[in-house]
2 protein chains.
Amino acid sequence: MRSRRSDYTESTRHALVDSALELFTKRGYAGTSLDAIVKRARVTKGALYHHFSGKQALFEAAFNQVETAAMDRLSAAIDGDGPAWDRAMAGIRGYVRVCLDPAYQRVVIHEAPVVMGWERWREAEEHFSYGLVRGTVEALVQAGEIEPLPVEVTARILFGALSAGAEAIAGSSDPKATAADVTRTIVAVMTGMRRAAP
Amino acid sequence: MRSRRSDYTESTRHALVDSALELFTKRGYAGTSLDAIVKRARVTKGALYHHFSGKQALFEAAFNQVETAAMDRLSAAIDGDGPAWDRAMAGIRGYVRVCLDPAYQRVVIHEAPVVMGWERWREAEEHFSYGLVRGTVEALVQAGEIEPLPVEVTARILFGALSAGAEAIAGSSDPKATAADVTRTIVAVMTGMRRAAP
DNA sequence: GTGGTGAACATACCGATGGTATGTCGAAGA
DNA sequence: TCTTCGACATACCATCGGTATGTTCACCAC
């Protein structure tokens, strides 16, 4: 059962998404033409529009791929049965590492809110990185580790802080050192929010 | 000296920037055509390309206008001779208010990094909002109000936290309440970082 | 085996859009 | 008055996203 058709269609999809992801990461959404994408995937626009409804849908497919990969790495860091605080700190370190991926930086953090629209981006993020951050904050509040601030807003702000830290790392001349600074600073902030055990 | 030519050219520039700013705010950069901009400004593309080198340059002019207005409001809140801590808190409240402006939200926070490129955006921000945040953090560290964390990274993270808070406000169904939550949360975070007076 | 069917593409084309090249007009100096 | 030049307007071009149509070929009913 080698020459099933669906095998080839799946590889075509993959080729398109891979090509799109690489070009979007390198030149951005607006700076990437469909011609360039299909050329790199060795297909034509007919194939593209057979599998996707348009440029945006292709972008979302690339977005989902990056986010799924990020989730795999992140949940591995967060999951477990240790104390909520320790898992949160591991999550912070893990997310900073995830943000070092140029594809995550450009596609997920920078372009997705503009290309997909903020509302749709927000909705998608619920099931991805932001969902994890939010869950972590919730766990911290429930465990009584931090002051009972509004979860939604606190999670948003932490998410923004993490993203900004990631951007600082990516734009730094010494990413390693900056990454250490970012982790240290965020941990310091979180520690400041930590409530003395009741 | 009414019919000086430069008077009219200045008003033409203003009309173009105003038109662009309104349309960029409403429909975004990619969703706004130059034809729509010049039509609303009651001029032609010839005038546009006489005053600006292209669409990006026009966007940057709009960006600068929004940022300048924001700076005026912000420095009024920050300037003064009170304690560094109080001025910082006033700055936070002021920045949250600034972020309620839809033009600031969409043009400065969302689109500018994508349209201008992150590096150029970062450079421009040095002289605008981010410059103020950074200066505030520096003042806090020098006054011994907060732990001596790396200023650049701390400022970036705070800036990201504020922007994320602003986005949460803009996307909220109850902006007033969310704005209060954001201010409260950020102040709580900053307070957590505050060092006991030596 | 063969004729029909539909998925999986390829090709040709269209309209919109950013950008350019050229033309026009009127005020200011020589 | 003649020239110059800034401040536009007009006409046009190239690119790009998207669509309409054509083509191939595996699969299935008979």
Side-chain angles (χ1 to χ4, degrees), chain A residues 1-24 26-63 107 111-112 114-117 120, chain B residues 1-24 26-63 107 111-112 114-117 120:
Chain A
M1 99 126 92
R2 179 73 273 279
S3 61
R4 280 263 315 294
R5 275 194 287 181
S6 65
D7 291 350
Y8 291 108
T9 80
E10 201 54 38
S11 78
T12 299
R13 266 189 77 100
H14 258 95
L16 280 166
V17 173
D18 278 359
S19 169
L21 179 54
E22 178 164 334
L23 291 174
F24 285 156
K26 221 184 295 178
R27 310 187 214 280
Y29 180 80
T32 302
S33 72
L34 293 184
D35 285 340
I37 293 174
V38 298
K39 186 174 180 182
R40 197 182 177 290
R42 296 174 192 277
V43 291
T44 64
K45 283 209 286 189
L48 196 161
Y49 275 89
H50 176 75
H51 287 286
F52 303 95
S53 64
K55 196 182 182 184
Q56 284 210 20
L58 182 55
F59 178 87
E60 291 198 24
F63 170 86
V107 172
E111 306 238 305
V114 176
V115 174
M116 301 165 63
R120 185 162 175 72
Chain B
M1 112 119 94
R2 178 72 274 275
S3 61
R4 280 261 318 292
R5 274 194 290 182
S6 66
D7 291 350
Y8 292 109
T9 78
E10 201 54 38
S11 78
T12 299
R13 266 189 77 101
H14 258 94
L16 280 166
V17 173
D18 278 0
S19 169
L21 179 54
E22 177 163 334
L23 291 174
F24 285 156
K26 220 183 298 177
R27 311 187 212 282
Y29 181 80
T32 302
S33 73
L34 293 184
D35 285 340
I37 293 175
V38 299
K39 186 175 180 182
R40 196 181 179 290
R42 295 173 192 279
V43 291
T44 62
K45 282 208 287 189
L48 195 161
Y49 275 89
H50 178 74
H51 287 286
F52 303 94
S53 63
K55 195 182 184 185
Q56 283 211 19
L58 182 55
F59 178 87
E60 291 197 23
F63 170 86
V107 172
E111 307 237 299
V114 176
V115 174
M116 301 165 62
R120 185 163 175 73

Least distance between heavy atoms, [X] atom then [Y] atom:
| X | Y | value |
| --- | --- | --- |
| A/E111 | B/V114 | OE2-CG1, 3.4 Å |
| B/V17 | B/A62 | CG1-CA, 3.9 Å |
| A/R120 | A/M116 | CB-O, 3.3 Å |
| A/V107 | A/F63 | CG1-CA, 4.0 Å |

Please determine whether a side-chain nitrogen or oxygen atom of [X] lies at a distance below 4.0 Å from atom OP1 or OP2 of [N].
| X | N | value |
| --- | --- | --- |
| A/H51 | C/dA8 | no |
| B/H50 | D/dC8 | no |
| B/T12 | D/dC8 | yes |

Value in whole Å for how far the C1' atom of C/dA10 lies from CG of A/L16: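 These atoms are roughly 13 Å apart.
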
Rounded to whole Å, please give me the gap between CG in A/L48 and P in D/dT19.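 It is 12 Å, rounded to the nearest whole Å.
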
N/O donor-acceptor pairs under 3.5 Å from side chains in residues 44-55 of chain B, not counting sequence neighbours:
residue : atom : partner : partner atom : Å
B/T44   : OG1  : B/G46   : N            : 3.4
B/K55   : NZ   : B/Y29   : O            : 2.9
B/K55   : NZ   : B/T32   : O            : 2.8

Which donor-acceptor pairs under 3.5 Å do the side chains of residues 34-41 of chain B make with protein atoms, sequence neighbours left out?
residue : atom : partner : partner atom : Å
B/R40   : NH2  : B/E22   : OE1          : 2.8
B/R40   : NH2  : B/E22   : OE2          : 3.2

Restricting to nitrogen or oxygen on both sides, can you table the protein-nucleotides 15-20 of chain C pairs closer than 3.5 Å?
residue : atom : partner : partner atom : Å
C/dG18  : OP1  : B/T32   : O            : 3.3
C/dG18  : OP1  : B/K55   : NZ           : 2.8
C/dG18  : OP2  : B/L34   : N            : 2.8
C/dG18  : N7   : B/K45   : NZ           : 3.3
C/dG19  : OP2  : B/Y49   : OH           : 2.7
C/dG19  : OP2  : B/K55   : N            : 3.0
C/dG19  : O5'  : B/Y49   : OH           : 3.1
C/dG19  : N7   : B/K45   : NZ           : 3.0
C/dG19  : O6   : B/K45   : NZ           : 2.6

